[in-house]
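Every value quoted in this text rests on a predicted model; they were computed, and no experiment measured them. Atoms within each ligand, like the ligands themselves, are counted from 1 in listed order. FYI, the numbering just counts along the sequence from 1.
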Amino acid sequence: MDESIFISKNFIPKEGRVVCESPSNIALIKYWGKYGLQFPINPSLSFTLSNCKTKTSLEYSPRLEGQGRFDFLYDGKIKKTFENKIEEFFERISPFCPYLENLFLKINSKNTFPHSSGIASSASAFCSLAFCIVSIEKRYSERMTEQFFFNKVSFIARLGSGSGSRSVSGPLMIWGENEFHSGSSNYFAVNYRHKIHQIFKNYQNTVLIIDDRIKISSSSDGHKKMTKHPFINDRKNQAKNNLKIILDAISMGDLQVFIKVVEEEAMTLHSLMMSSQPPTVLIKSKTLEVIELLKNFREKENVPICFTLDAGPNVHLLYPEKYKQEVIRFIKQKLVYYCQNHLFINDNVGLGTKLLDFKLI
Ligand code: PMV
């Protein structure tokens with residue numbers, strides 16, 4: 001593919017305001033390691049979530065001489081700590097969205113999940129910002145198809161957060177070129193188009209907040225360390241094989257295989273971190289204790305539940321909707337004591353980013 005297809009014509013938009021909402025996502029096959037400008041070293045697969053989301057409002061107006069590019073507010077208040085990351089994002093996307101040079105943007109973002117819950121919000125934050133930006137472009141590009149719009153949102157979101165490319169749509173998204181899904185790409189994520197067995201409909205994801213502190217090492221550093229990792233080639237092969245196996249399991253409704261692959265991916269992610277130079281350990285002893293209890297519960301009660309992990313200590317539980325009551329009871333009886341402030345968040349699979357409002361002022 002030639003990424004120049006995403007270079008927009010230049011134009012001078014009038015003033016307006018666009019509001020949208022993007023959910024977070026949870027990877028089943030993990031993206032870990034990147035090259036070039038946010039290209040993944042292996043394909044990944046994720047469930048898009050519903051409740052954990054970022055709402056972004058973007059007000060745009062002609063940029064005055066000497067004026068900066070943007071103001072960033074979190075929940076109505078200026079937030080300086082995010083400015084460098086957003087500035088870098090604008091540097092990366094400006095060749096593809098030249099009209100941004102003519103605009104001043106007032107960005108106001110807010111997460112629906114607790115601010116210090118330890119849940120990574122960069123995926124939903126960058127996807128919602130990308131969706132707002134490309135929505136402006138869509139107004140001025142009469143012939144832009146829905147498919148192109150979604151591809152470009154995902155492409156732009158990727159330049160802010162790799163995993164953010166997968167939050168544009170749902171319920172299952174694939175990012176990274178692979179031979180098992182035609183149309184898959186390193187540039188943007190696509191909807192998984194083949195059969196999804198009924199058992200995965202409205203699949204549940206409960207996040208146990210083991211530790212809500214900011215991570216000691218960013219995922220960006222972790223991705224970079226993969227380029228010189230001694231196991232990089234084995235990891236690429238493993239991710240590819242696991243993708244094939246899990247896609248078959250998802251279409252057949254084979255929960256045993258699904259569970260095996262999801263947990264292997266979570267453990268591999270953290271093993272790769274621990275075996276990188278210098279090593280990073282993000283899980284806590286409580287993470288391992290919860291995993292042990294979960295496995296006992298699965299065996300004893302015959303509930304097809306599994307765990308996965310992001311680049312942090314919190315445990316994501318994944319299970320079919322029909323077991324929800326039983327699982328919540330188990331969490332309240334056994335797991336909640338391992339959670340910081342007894343906090344856990346219930347979520348389920350969803351369909352991706354939504355436009356909430358668009359007004360020309
Ligand atoms: O998108 P980033 O750079 O925050 O990386 C996310 C990496 C993992 O969450 C660990 C895995 C994934 O595929 O989402």
Check each atom of ligand 1 against the heavy atoms of [X] and keep those under 4.0 Å away; list them by number with element.
| X | result |
| --- | --- |
| Ala27 | 12 (C), 13 (O), 14 (O) |
| Gly162 | 1 (O) |
| Ser161 | 1 (O) |
| Ser163 | 1 (O), 2 (P), 4 (O), 6 (C), 14 (O) |

Notebook entry, point to check: So Phe258 and Phe200, would you call those rings parallel, tilted or perpendicular, with 30° and 60° as cut-offs?
Noted result: tilted

Check: What do you reckon, does Ala123 put a non-hydrogen atom under 4.0 Å from ligand 1?
Finding: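 No, Ala123 has no heavy atoms under 4.0 Å from ligand 1.
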
Check: Has Arg158 got its NZ or CZ under 6.0 Å from the middle of the six-membered ring of Phe155, at an angle within 45 degrees of the ring axis?
Finding: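 Cation-pi check for Arg158 and Phe155: passes.
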
Any Lys/Arg nitrogen of [X] or [Y] sitting under 4.0 Å from an Asp/Glu carboxylate oxygen of the other?
| X | Y | result |
| --- | --- | --- |
| Arg235 | Glu265 | yes |
| Glu301 | Arg329 | no |
| Glu88 | Arg92 | yes |

Notebook entry, point to check: Does the N or O separation between Tyr31 and ligand 1 drop below 3.5 Å for any pair?
Noted result: yes

Note to self: Below 3.5 Å, N or O to N or O, backbone or side chain included: is there any such pair between Lys30 and ligand 1?
What the structure shows: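 Looking only at distances, the answer is no, because the N/O contact criterion of under 3.5 Å is not met.
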
Checklist line | Residues that, via side-chain heavy atoms closer than 4.5 angstrom, fall in one hydrophobic cluster with Tyr31 | finding: Trp175

Notebook entry, point to check: Hydrophobic cluster mates of Ile78, side-chain heavy atoms under 4.5 angstrom, ILVMFWY only, any path?
Noted result: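 Other cluster members: Leu73.
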
Next item on the list: Measure Ser219 to ligand 1 on non-hydrogen atoms and call it side chain, backbone, both or neither using the 4.0 Å cut-off.
Entry: side chain

Check: Looking only at heavy atoms, is any part of Asn25 under 4.0 Å from ligand 1, and if so is it the side chain, the backbone, or both, or is it neither?
Finding: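 The answer is neither.
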
Checklist line | His223, His270, Gln38: member with heavy atom nearest to atom 5 (O) of ligand 1 | finding: His223

Notebook entry, point to check: Nearest non-hydrogen atom to atom 14 (O) of ligand 1 belongs to which of Arg158, Met273, Arg166?
Noted result: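 Residue with the shortest heavy-atom distance to the ligand atom: Arg166.
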
Checklist line | From CG (Asn151) to OH (Tyr187), nearest 0.5 Å | finding: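 Between atom CG of Asn151 and atom OH of Tyr187 there are 13.5 Å.
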
